[in-house]
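What follows is a single structure, written as structure tokens, with notes after it.
Computation of the quantities below employed the complete heavy-atom set of this structure, encompassing side-chain atoms and omitting hydrogens, waters and symmetry-equivalent molecules.
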Amino acid sequence: MTLNQLRAFLTAARTGSFAAAAVELGVAPASASELVRRLEEEHGIALFHRGPRRLVLTGAGEQLRPFAEQSVAAADAGAEAVRSVRDLGGGVATFGLLRNADHYLLSGLVEDFHARHPRVRVRLVGLNSVEVAAAVAAGDVEAGIVVLPVDDAGLTVTPLLRDEVLYVSADPGRLTRPVTVADLAAVPLVLYDAHHGWRDPTRRQVADRARLEGFRLEPLIEVEHVEAALGLVARGIGDTFVSRAVARGAGFPAQLGTVGFAEPLHDVLALVQREGIALSPATRELARLARQRLLAQGADGP
């Protein structure tokens, strides 16, 4: 079956004649009839009763019609989606980003998008992944990039990038071997994302491991931003853990060192959007560029 055959079939069924269908489709009078005839020959069954006044669908034609309508509608929607991106000339793109997005080269995302689509307004919300997921689920933003795990009820989740989580200390003696949960429980911890605490996805993974091994982790100091935590660690107040992207960032203090976990720990970055809800053309394009930037960094981190 081809789309042209299905379009001719549906138009003939609606207008009641091949001549009227040909006019509507903008083809030669015999073309609509020929398209349907080939469709019938392909399947060895008549789709119309060809009466003297009007075409009437056969039983086979009635069975085909809903599937033909779905196929043509899907093709038209796909074509419209492509056109809307190509000709994007307005609208608003709403997108949520995890708080440390800049460390994943997403700082240039808006600049890149604006250069391509200067007339589209952008609303880019930087939050903890917990809040990004909640905002997408509530419809406050259309889509976003998060670190897993998050509450994904009602969301479509597409994993994009895995980045290792590293232990950070100013004391070289604590970096001679991969760390365990027992090691974390024995040192003062300086952790960031104080507002969300152990609901933060990275901290949640660590807490789950500690719980399984019978430990309870209590940070000595909690601050809101990773830069503040790293500054305190650099002054020897305690230790922390961050993603490899943060550790490789230009702002990472030179006096700090890192080591992996004995049982490797990873942040998984993912694209989330509301389940069953199509993105607006502007947000769909912004999501495409964000995904492209992350995938370009490789499967195991930047």
Side-chain angles (χ1 to χ4, degrees), residues 96-104 125-135 144-152 162-270 301-302:
L97 287 176
L98 67 159
R99 180 166 291 159
N100 291 334
D102 283 357
H103 295 283
Y104 293 96
V125 182
L127 302 165
N128 182 278
S129 294
V130 173
E131 291 181 310
V132 172
I145 300 293
V146 300
V147 171
L148 301 180
V150 294
D151 181 3
D152 60 2
R162 188 179 71 161
D163 192 12
E164 187 177 8
V165 176
L166 303 173
Y167 176 75
V168 182
S169 179
D171 183 352
R174 296 176 183 169
L175 304 172
T176 57
R177 59 176 176 79
V179 298
T180 64
V181 170
D183 294 329
L184 287 182
V187 299
L189 291 176
V190 178
L191 302 182
Y192 61 97
D193 269 319
H195 177 73
H196 293 90
W198 295 104
R199 292 186 301 144
D200 170 75
T202 305
R203 290 174 64 169
R204 180 174 162 185
Q205 290 187 79
V206 174
D208 287 345
R209 286 190 178 185
R211 196 175 300 113
L212 286 173
E213 297 185 27
F215 293 98
R216 180 180 176 83
L217 301 179
E218 291 289 350
L220 175 66
I221 297 174
E222 292 183 89
V223 294
E224 200 58 45
H225 301 287
V226 65
E227 293 82 6
L230 291 173
L232 292 170
V233 175
R235 290 191 285 277
I237 295 175
D239 296 345
T240 192
F241 44 84
V242 299
S243 67
R244 187 179 293 276
V246 173
R248 288 185 175 179
F252 190 77
Q255 61 268 50
L256 297 182
T258 64
V259 70
F261 282 77
E263 181 184 347
L265 181 68
H266 293 89
D267 280 341
V268 176
L269 276 68

On a heavy-atom basis, the closest approach of Pro201 and Asn128 is CD-OD1, 3.9 Å

Practice prompt. Please tell me if the side chains of Arg203 and Trp198 come closer than 4.5 Å, counting only heavy atoms from C-beta onward.
Written response: yes

Note: Val181 and Phe215 closest approach over all heavy atoms is CG1-CD1, 3.8 Å

Mind checking whether Phe241 and Leu191 have side chains closer than 4.5 Å, heavy atoms only? yes

dist Thr258:OG1 -> Asp239:CG (nearest 0.5 Å) comes out at 12.0 Å

Q) Got Pro188 and Ile237 here, is their nearest side-chain heavy-atom distance under 4.5 Å? A) no

When every non-hydrogen atom of His103 is compared with those of Ala245, the smallest separation belongs to O-CB, 3.6 Å

Got Leu184 and Phe261 here, is their nearest side-chain heavy-atom distance under 4.5 Å?
yes

Answer whether the closest heavy-atom distance between the side chains of Leu269 and Val147 falls below 4.5 Å.
-> yes

Closest non-hydrogen contact found for Thr240 with Val190 is OG1-O, 2.7 Å

inquiry  = Is there a side chain to side chain donor-acceptor pair (under 3.5 Å) between Asp183 and Tyr167? Walk through the geometry before answering.
reply    = CA-CA 10 Å; Asp183 294 329; Tyr167 176 75; over 6 Å; no

- [ ] Would you check if Val187 and Val179 make a side-chain contact, meaning some heavy-atom pair closer than 4.5 Å?
- [x] no

- Query: Do Arg209 and Leu265 have side chains that get closer than 4.5 Å, going by heavy atoms?
  - Reply: yes

Closest non-hydrogen contact found for Val223 with Ala228 is CG2-CB, 4.0 Å

In this structure, CZ of Arg244 is separated from CG of Asp163 (nearest 0.5 Å) by 7.5 Å

Residue pair Leu232, Tyr192: steps toward the side chain to side chain contact (heavy atoms under 4.5 Å, CB included) verdict
CA-CA 11 Å; Leu232 292 170; Tyr192 61 97; over 6 Å; no

Worksheet entry | Salt bridge flag under 4.0 Å for residues Asp193 and Arg99 | yes

Rounded to the nearest 0.5 angstrom, the CD-CG distance for Gln255 and Leu230 is 10.0 Å

Open item on the list: Test side chain to side chain contact (heavy atoms under 4.5 Å, CB included) on Leu148 and Val150; report intermediate values, then the result.
Closed with: CA-CA 5 Å; Leu148 301 180; Val150 294; 4.1 Å; yes

Scanning both residues in full, the closest heavy-atom pair of Leu98 with Ser129 reads CB-OG, 3.7 Å

